[in-house]
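One structure is given here, and the rest of the page talks about it.
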Amino acid sequence: MILVGSGALLWRAAGHAASVGTPVDVVIHPEGEAVPTWASDLECAGTGDVNELADGIDEFCTDGLVCSTGNPFIFREPILELGVTIVNIHGGPLPQYRGLPIAAAVFAILNGENEFGVTLHRVDAGIDTGDVIDRRAIALAESVTLEELSMEVTQACHDIFVDNIDSLDRSPVPTSVNHSCAPAGYYGMKQLADIGKYRDHPNFVRATELGVLEDHYPAYRDLFASYRA
């Protein structure tokens, strides 16, 4: 298996795979990202664009499986045409909340959802549009904040990896099974850029409260702060 991603989710996944004896051919991460000391025995590769490593993925992927988690990259034709199975762990319920996990969480709170979730899905040419393999639901309290939901999503993403590590490439589940009643939508930087129009929404403060995560997401912190003053 080749792992692709960034941050805590990527390295927790790599650490778990190593601990249970699952072979990891390569861990691909953003160029310049620090590799944890404990991961020095793993083959790691930094890049500014995962698609530039398509030839290497084709050569070094021993089981035909690529798994992405916490992944900032978008897979394009060079990799999609290799014939390997690519799966992604998405921090939101699909198809209702495609896009950036933080943006999806913000709008789930603004939309008054009582349930959110994470999704393990196949990767296709779209963004978060591939067939679903597994889902996990997260119940949302009426008082939930963006900080709290983001932490729950991170843990749920790791849990779904751990629980599926031996069958990440199994057959998709029926698409009629959903964890949200919201219509399918995409939530990204364009939607967050318009967050100011929700400043009078009763859930706005909770939906933009990053708490201890502020230092991890300075761009979001500054954007939200500009409308909360």
Side-chain angles (χ1 to χ4, degrees), residues 1-18 22-37 39-92 94-95 97-105 118-133 150 153-154 157-158 160-161 168-169 186-193 213 216-220 222-223:
M1 173 172 61
I2 289 179
L3 282 169
V4 181
S6 178
L9 280 173
L10 173 67
W11 299 110
R12 287 179 72 187
H16 177 74
T22 299
V24 176
D25 302 307
V26 184
V27 179
I28 299 175
H29 57 85
E31 194 170 28
E33 179 169 312
V35 176
T37 303
S40 59
D41 290 337
L42 296 175
E43 185 73 29
C44 299
T47 183
D49 181 359
V50 68
N51 298 286
E52 294 179 352
L53 302 182
D55 290 343
I57 288 174
D58 192 32
E59 179 180 356
F60 292 106
C61 190
T62 57
D63 61 359
L65 177 64
V66 175
C67 177
S68 80
T69 183
N71 185 12
F73 303 114
I74 296 176
F75 294 104
R76 302 294 188 190
E77 282 188 2
I79 292 178
L80 296 177
E81 295 178 348
L82 290 179
V84 298
T85 297
I86 308 173
V87 298
N88 178 58
I89 297 172
H90 174 67
L94 298 178
Y97 285 92
R98 298 167 49 230
L100 294 175
I102 284 288
V118 302
T119 312
L120 170 65
H121 68 99
R122 294 279 180 89
V123 172
D124 60 15
I127 299 177
D128 301 329
T129 55
D131 292 337
V132 171
I133 297 169
S150 296
V153 166
T154 297
C157 284
H158 181 65
I160 205 171
F161 174 82
L168 287 167
D169 58 350
Y186 182 88
Y187 300 91
M189 288 308 299
K190 180 179 179 181
Q191 288 72 29
L192 282 182
L213 301 177
H216 293 278
Y217 302 111
Y220 299 142
D222 295 345
L223 174 65

Contacts of type side chain to side chain contact (heavy atoms under 4.5 Å, CB included), residue [X], not counting sequence neighbours:
| X | answer |
| --- | --- |
| Ala103 | Leu100, Tyr187, Leu192 |
| Thr85 | Leu65, Val87, Arg122, Asp169 |
| Tyr217 | Ile102, Leu210, Leu213, Tyr220 |

- Task: Could you check if a side-chain atom of Ile57 sits within less than 4.5 angstrom of a side-chain atom of Ile79, using non-hydrogen atoms only?
- Result: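 Yes; the side chains approach each other to less than 4.5 Å.
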What side-chain donor-acceptor pairs closer than 3.5 Å can you find for residues 42-53, not counting sequence neighbours?
residue	atom	partner	partner atom	Å
Thr47	OG1	Asp49	N	3.1
Thr47	OG1	Asp49	O	3.0
Asp49	OD1	Asn51	N	3.0
Asp49	OD1	Asn51	ND2	2.9
Asn51	OD1	Arg76	N	2.6
Asn51	ND2	Ile74	O	2.9

Of all residues at least two apart in sequence or in a different chain, which pass the side chain to side chain donor-acceptor pair (under 3.5 Å) check with [X]?
| X | value |
| --- | --- |
| Asp55 | none |
| Thr62 | Asp25 |
| His121 | Asn88 |

- Message: Could you walk me through whether Met1 and Leu168 satisfy the side chain to side chain contact (heavy atoms under 4.5 Å, CB included) test, starting with their C-alpha distance in whole Å, then the side-chain angles of each, then the deciding distance to 0.1 Å, before giving a yes or no?
- Response: CA-CA 10 Å; Met1 173 172 61; Leu168 287 167; 3.6 Å; yes
- Message: Between Ile28 and Ile2, does the side chain to side chain contact (heavy atoms under 4.5 Å, CB included) criterion hold? Intermediate values first, please.
- Response: CA-CA 8 Å; Ile28 299 175; Ile2 289 179; 3.9 Å; yes
Using distance only, find each side-chain donor-acceptor pair of residues 4-14 under 3.5 Å and give its atom names and separation, not counting sequence neighbours.
residue	atom	partner	partner atom	Å
Ser6	OG	Glu33	OE1	2.5
Trp11	NE1	Glu33	OE2	2.8
Arg12	NH2	Gln155	OE1	3.2

- Task: Taking Arg98 for its side chain and Ile127 for its backbone only, find out whether a donor-acceptor pair lies under 3.5 Å.
- Result: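 Pair found, side chain donor or acceptor close to backbone of Ile127.
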- Task: Keeping the roles fixed (side chain from Glu81, backbone from Pro78), state whether a donor-acceptor pair exists under 3.5 Å.
- Result: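 Such a contact is absent between Glu81 side chain and Pro78 backbone.
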